[in-house]
Amino acid sequence: MIITEDMLKQKVPKEFIPSRLDSATDLYINTTNGLILYNIKPDTWNVLYPFFQQENKFTIDLYKIENKEITYQELIDLYNDVYTNEYVIKMGFNEEKRKQVLIDEFNRIFNVRGTKIGTKLNSHYELKYFKSKNVYTLYYLESYIANDIDDINKLLSQKVYKQEFLNLDSIPIVKEVNGVKLVDSLSMLNDTYKLSIVRDNILRN
């Protein structure tokens, strides 16, 4: 569930109060074939994602929130305090470093070079049920758009993950591709402005 502006003053239902904090930084890569999506764990998650950072990220597996009457805004503020102190200040992961580790991980996994980030597309918070751990997790997600990769053909033919392409020709975007569900965060592309930014950053092979 994406936390939207109209929810901020509402209280978080007690059964939804998270006991885990996590983050993700993802990279949108739009090509002449469509937006590249990956089915990273088809046997368990079976969901299509843009490429997202899995290493060197902010995660706290056990976090106790004492206030059971907390609002969504207060929950986000609490997260931001912990994230800033523990990840940004103590570990040095400011935005530039987060972007660099995203690029480095992407280049290494797919054995490509010259990846550059053009712009930041979005940042938001999501509250998700983490089935394997039986807990709710509060995620902070940052999304960036790639505007250059040295060998796009090499990326298109990669065999690391199962790969699909999302057609960006119309709104609303579809909710699944070839029977596999899209991650919830891709719903942001139903915003015409954000969709246009991704469309404008097309990588041609």
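Below, all heavy atoms of this structure are taken into account, side chains as well, without hydrogens, waters or symmetry copies. Residues take their numbers from the sequence shown, with the count starting at 1.
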Undergrad: Would Phe58 and Tyr139 count as a side chain to side chain contact (heavy atoms under 4.5 Å, CB included) here? Give the steps.
TA: CA-CA 10 Å; Phe58 170 77; Tyr139 288 88; over 6 Å; no
Undergrad: Would Val82 end up clustered with Tyr140 when hydrophobic side chains under 4.5 Å apart are linked, directly or stepwise?
TA: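 Yes, it is one cluster - the side chains of Val82 and Tyr140 are joined through contacts under 4.5 Å.
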Undergrad: Would you name the heavy atoms of Leu182 and Val174 that are closest together and state the gap between them?
TA: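 Minimum heavy-atom separation between Leu182 and Val174: CD2-O, 3.4 Å.
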Undergrad: Taking the side chain as everything from C-beta on, heavy atoms only, tell me whether Asn67 gets closer than 4.5 Å to Leu78.
TA: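 Sidechains of Leu78 and Asn67: no contact.
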Undergrad: Give me the one residue out of Leu37, Leu156, Val177 that meets side-chain contact (heavy atoms from CB on, under 4.5 Å) with Phe165.
TA: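 That would be Leu156; it is the only one of Leu37, Leu156, Val177 passing the side-chain contact (heavy atoms from CB on, under 4.5 Å) with Phe165.
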Undergrad: Going by heavy atoms in the side chains, are Val183 and Trp45 under 4.5 Å from each other?
TA: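 They are not in side-chain contact.
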Undergrad: Take Lys14 and Glu69, measure what salt bridge (charged side-chain N to carboxylate O under 4.0 Å, His left out) needs, and give me the verdict at the end.
TA: CA-CA 8 Å; Lys14 290 183 175 61; Glu69 300 296 323; 2.9 Å; yes
Undergrad: Under a 3.5 Å distance rule, please check whether Lys154 uses its side chain to pair with a backbone N or O of Asn111 as donor and acceptor.
TA: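 It does hold such a pair.
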Undergrad: Could you walk me through whether Glu164 and Asn39 pass the side chain to side chain donor-acceptor pair (under 3.5 Å) test, one step at a time?
TA: CA-CA 8 Å; Glu164 299 286 356; Asn39 195 347; over 6 Å; no
Undergrad: Which distance, rounded to the nearest 0.5 Å, do you find between the CE of Met188 and the CG of Asp191?
TA: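 Result: 9.5 Å between the selected atoms.
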Undergrad: Heavy-atom count check: over 12 atoms from other residues, nucleotides or ligands less than 6.0 Å from Leu62 CG?
TA: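 Not buried by this count: 12 neighbours or fewer within 6.0 Å.
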Undergrad: Before giving the answer on side chain to side chain contact (heavy atoms under 4.5 Å, CB included), spell out for Ile2 and Ser187 the whole-Å C-alpha distance, their side-chain angles and the decisive distance to 0.1 Å.
TA: CA-CA 10 Å; Ile2 295 173; Ser187 64; 3.7 Å; yes
Undergrad: Would you call Ile29 and Phe106 a side-chain contact if the rule is heavy atoms closer than 4.5 Å?
TA: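 Yes - at least one pair of side-chain heavy atoms lies under 4.5 Å apart.
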Undergrad: Distance only, no hydrogens: is a donor on one side chain within 3.5 Å (strictly under) of an acceptor on the other, for Asp6 and Thr4?
TA: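 There is such a pair between these side chains.
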Undergrad: What do you reckon, is CZ of Arg108 surrounded by more than 12 foreign heavy atoms closer than 6.0 Å?
TA: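 Atom CZ in Arg108 is crowded, with more than 12 foreign heavy atoms closer than 6.0 Å.
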Undergrad: What's the separation between atom NZ in Lys9 and atom CD in Gln73, rounded to the nearest 0.5 Å?
TA: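 The distance works out to 10.0 Å.
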Undergrad: Do Asn80 and Tyr125 pair up side chain to side chain, a donor and an acceptor below 3.5 Å, judged on atom types alone?
TA: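 Yes.
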Undergrad: Do Tyr72 and Glu74 have a side chain donor and acceptor closer than 3.5 Å?
TA: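 No, no side-chain donor-acceptor contact under 3.5 Å.
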Undergrad: Classify the angle between the aromatic ring planes of Tyr87 and Tyr83 as parallel (below 30°), tilted (30 to 60°) or perpendicular (above 60°).
TA: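 Rings of Tyr87 and Tyr83: tilted, as their planes differ by 30° to 60°.
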Undergrad: Check whether Arg199 reaches the backbone of Leu168 with its side chain - one donor and one acceptor, N or O, closer than 3.5 Å.
TA: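 Yes, because the side chain of Arg199 sits within donor-acceptor range (under 3.5 Å) of the backbone of Leu168.
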Undergrad: Can a donor-acceptor pair be found, under 3.5 Å and without considering hydrogens, that links the side chain of Asn201 to the backbone of Ala146?
TA: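 Not a single qualifying donor-acceptor pair exists.
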Undergrad: Do Lys64 and Ser19 have side chains that approach each other closer than 4.5 Å (heavy atoms only, starting at C-beta)?
TA: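 No, every pair of side-chain atoms sits at 4.5 Å or beyond.
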Undergrad: May I have the step-by-step check of ring-ring contact (aromatic ring centres under 6.0 Å, His included) for Tyr38 and Phe52, ending in yes or no?
TA: CA-CA 9 Å; Tyr38 301 103; Phe52 65 91; 9.4 Å; no
Undergrad: Between the main-chain N or O of Lys116 and the side-chain N or O of Asp148, is there a donor-acceptor pair closer than 3.5 Å?
TA: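 Here the side-chain-to-backbone pair does not exist.
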Undergrad: Test Thr137 against Leu127 for side chain to side chain contact (heavy atoms under 4.5 Å, CB included), laying out the working first.
TA: CA-CA 6 Å; Thr137 300; Leu127 196 54; over 6 Å; no
Undergrad: So that I can tick it off, tell me whether Arg20 and Asp22 are bridged by a salt bridge, with the cut-off set at under 4.0 angstrom between side-chain N and carboxylate O.
TA: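 Yes.
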Undergrad: Return the CG to CG distance between Leu102 and Asn107, rounded to the nearest 0.5 Å.
TA: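 If I round to the nearest 0.5 Å, the distance is 9.5 Å.
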Undergrad: Taking atom types as modelled and ignoring hydrogens, do the side chains of Ser143 and Asn122 form a donor-acceptor contact shorter than 3.5 angstrom?
TA: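 No - no donor-acceptor pair under 3.5 Å links their side chains.
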Undergrad: Distance check, rounded to the nearest 0.5 Å: Gln53 atom CD versus Ile109 atom CD1?
TA: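 Gln53 CD to Ile109 CD1: 10.0 Å, rounded to 0.5 Å.
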Undergrad: Between Met91 and Glu86, does the side chain to side chain contact (heavy atoms under 4.5 Å, CB included) criterion hold? Intermediate values first, please.
TA: CA-CA 7 Å; Met91 298 178 67; Glu86 298 298 325; 5.9 Å; no
Undergrad: Would a 4.5 Å heavy-atom cut-off, applied to side chains only, mark Ile117 and Asn147 as touching?
TA: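 Heavy-atom side-chain distance check fails, nothing below 4.5 Å.
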Undergrad: When the ring planes of Tyr136 and Phe16 are compared, do they come out parallel, tilted or perpendicular, using 30° and 60° as the limits?
TA: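 It falls in the tilted class, 30° to 60°.
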Undergrad: If every non-hydrogen atom of Lys162 is compared with every non-hydrogen atom of Pro42, which pair is closest and at what distance?
TA: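 That would be CD-CG, 4.2 Å.
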Undergrad: Atom NZ of residue position Lys175 - does it have more than 12 heavy atoms of other residues, nucleotides or ligands inside 6.0 Å?
TA: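 No - once you tally the heavy atoms of other residues, nucleotides and ligands closer than 6.0 Å, there are 12 at most.
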Undergrad: So does Glu55 have more than 12 non-hydrogen atoms from other groups sitting under 6.0 Å from CD?
TA: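 Yes - once you tally the heavy atoms of other residues, nucleotides and ligands closer than 6.0 Å, there are more than 12.
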Undergrad: Side-chain heavy atoms under 4.5 angstrom apart, residues restricted to Ile, Leu, Val, Met, Phe, Trp, Tyr: same cluster for Val135 and Leu75?
TA: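 Val135 does not cluster with Leu75.
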Undergrad: So if you build clusters from Ile, Leu, Val, Met, Phe, Trp, Tyr with side-chain heavy-atom gaps below 4.5 Å, do Leu189 and Leu141 land together?
TA: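 In one cluster with Leu189: Leu141, no.
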Undergrad: Provide the closest heavy-atom pair for Val198 versus Tyr28 in the form atom of the first, atom of the second, distance.
TA: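 Shortest heavy-atom contact: CG2-CD2, 4.4 Å.
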Undergrad: For atom NZ of Lys128, is the number of surrounding heavy atoms from other residues, nucleotides or ligands below 6.0 Å larger than 12?
TA: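 More than 12 within 6.0 Å, yes.
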Undergrad: Identify the two heavy atoms, one from Lys97 and one from Gly92, that lie closest to each other, and give their separation to 0.1 Å.
TA: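 Heavy-atom minimum between the residues: CD-O, 3.3 Å.
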Undergrad: Given the rule that I, L, V, M, F, W and Y join up when any side-chain heavy atoms are under 4.5 Å apart, are Leu8 and Ile70 in one cluster?
TA: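 Leu8 clusters together with Ile70.
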Undergrad: Indicate the atoms forming the closest heavy-atom contact of Met1 with Met7, along with that distance.
TA: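 The pair with the smallest heavy-atom distance is SD-CE, 3.7 Å.
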Undergrad: Side chains of Tyr144 and Glu95: donor-acceptor distance under 3.5 Å anywhere?
TA: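 Indeed, the side chains of Tyr144 and Glu95 share at least one donor-acceptor pair under 3.5 Å.
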Undergrad: Rounded to the nearest 0.5 Å, how far apart are OG1 of Thr115 and CG of Leu27?
TA: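 Rounded to the nearest 0.5 Å, the OG1-CG separation comes out at 7.0 Å.
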Undergrad: Does any non-hydrogen side-chain atom of Asn190 lie less than 4.5 Å from one of Ile173?
TA: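 Yes, at least one pair of side-chain atoms sits under 4.5 Å.
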Undergrad: Have Gln54 and Glu105 got a donor and an acceptor in their side chains that come within less than 3.5 Å?
TA: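 No - no donor-acceptor pair under 3.5 Å links their side chains.
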Undergrad: Counting only heavy atoms not in Lys11, do more than 12 sit closer than 6.0 Å to its NZ atom?
TA: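 Not more than 12 within 6.0 Å, no.
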Undergrad: May I ask you to test the Pro18-Ile65 pair for a side-chain heavy-atom distance under 4.5 Å?
TA: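 Result yes, sub-4.5 Å side-chain heavy-atom pair found.
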Undergrad: With clusters defined by side-chain heavy atoms of hydrophobic residues (ILVMFWY) lying less than 4.5 Å apart, directly or transitively, does Val101 cluster with Ile149?
TA: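 Each belongs to a different hydrophobic cluster.
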Undergrad: What is the distance from atom CD1 of Ile145 to atom CG of Leu203, rounded to the nearest 0.5 Å?
TA: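 Here the rounded value is 10.5 Å.
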Undergrad: Quick one: does Ile36's side chain get under 4.5 Å of Phe51's, heavy atoms only?
TA: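 No, side chains not in contact.
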